[in-house]
Amino acid sequence: MRTSYVGRLAPSPTGLLHLGHAATFWTADFRARGHNGTLLLRNEDLDPQRSKQEFVDAMLEDLAWLGIEWTPPMIVQSQRLALYREAFEKLLATGHAYPCTCSRRELAQMMQAPHEDTDDEPVYTGKCRPTSNAPRTLQSGMNYRFRVPDGEAIRFIDGNMGAQQLTTGKDFGDFLVWRKDGLPSYQLACVVDDAAMRITEVVRGADLLKSTARQILLQRALSLPAVAYFHTRLLVDEHGTRLAKRHGALAIHTLRQRGLKHDDVLAMLQA
Ligand code: GLU
């Protein structure tokens with residue numbers, strides 16, 4: 001009998017899945033099965049420049065090859081913009097978001113999940129932060145940031161990594177929630193979808209720990225239910241460098257083409 005456990009796989013179709021994804025997705029699959037739960041798939045295709053259909057196709061083939069069974073239909077973020085906008089307007093009405101006119105460079109980064117050792121957004125300087133948190137209305141053509149509380153320790157118990165603590169203003173600052181081209185940031189879309197999909201546990205890489213803390217704040221501001229977290233440790237190569245999408249040779253697609261079997265990949269991860 002199915003239980004109420006609901007997990008999800010949330011790849012961004014901006015490149016080929018690599019070994020790190022295989023490790024995280026197998027963990028997600030394992031945990032969903034262990035709980036007799038359901039595993040959903042969400043296509044995080046909100047980056048219009050980098051998302052490509054060919055990567056969606058490759059991701060579906062790779063998941064099948066990895067033996068990961070998810071429950072259809074696939075949720076597609078680009079088809080859910082009204083939902084994100086509604087949540088964003090709630091943040092505006094409750095004084096949690098403010099317009100920001102700085103930092104174009106950060107803009108490019110906000111559409112994807114920030115990955116710690118490469119492009120996690122820098123702590124915001126607070127340049128556009130207003131003195132009061134008065135309610136606001138949406139003006140088009142503006143970027144908006146979420147106002148984090150000052151110096152608050154965000155704590156949670158991770159199912160894999162134990163007690164975690166990240167402090168606002170130190171580990172991360174006011175972060176982008178809405179882009180001037182009318183799209184939500186990864187953080188906002190993720191929180192809205194995890195709640196709408198009734199996810200009970202998020203399994204993701206440890207590079208997203210700071211994002212988890214941001215998302216806990218968003219859940220609180222939007223009165224959404226809390227979720228359990230299980231962060232998987234990052235895979236590193238023999239030089240201690242994190243394996244990431246750019247290591248083309250470690251793309252699942254490439255390993256598959258080289259004739260490896262899914263058990264060979266599992267053995268590589270366990271080595
Ligand atoms: N789409 C994100 C990524 O590629 C993952 C997001 C998540 O697990 O919340 O890293």
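Model, not experiment: these values are computed from the prediction. Both counts, for ligands and for their atoms, begin at 1 and track the order of listing.
- Checking only distances, Arg204 does come within under 3.5 Å of ligand 1, N or O to N or O.
- Residue-level proximity to ligand 1 for Arg42 is absent, since no heavy atom of it falls below 4.0 angstrom.
- Per-residue contacts place Tyr186 under 4.0 angstrom from the following atoms of ligand 1 (heavy atoms of the residue considered): 6 (C), 7 (C), 9 (O).
- Contact annotation for Cys190 and ligand 1: only side-chain heavy atoms (C-beta onward) come within less than 4.0 Å of the ligand.
- Formation of a donor-acceptor pair under 3.5 Å by the Ser51 side chain with backbone atoms of Pro48 is not found in this model.
- Close approach to Ser12 involves these atoms of ligand 1, each under 4.0 Å from a residue heavy atom: 1 (N), 2 (C), 3 (C), 4 (O).
- Taking the charged nitrogens against the carboxylate oxygens, Arg258 and Asp264 have no contact shorter than 4.0 Å, which rules out a salt bridge.
- Inclusion of Arg8 in the set of residues having an N or O under 3.5 Å from an N or O of ligand 1 is warranted.
- Residue Ala10 approaches ligand 1 through these ligand atoms, each under 4.0 Å from one of its heavy atoms: 1 (N), 2 (C), 5 (C), 6 (C).
- Side chains of Arg204 and Ser211: no donor on one and acceptor on the other come within 3.5 Å.
- A salt bridge is absent between Glu86 and Lys90; no separation between the charged side-chain nitrogens and carboxylate oxygens falls under 4.0 Å.
- The cationic group of Arg145 lies under 6.0 Å from the six-membered ring centre of Tyr124 and within 45° of the ring axis, placing it in a cation-pi geometry.
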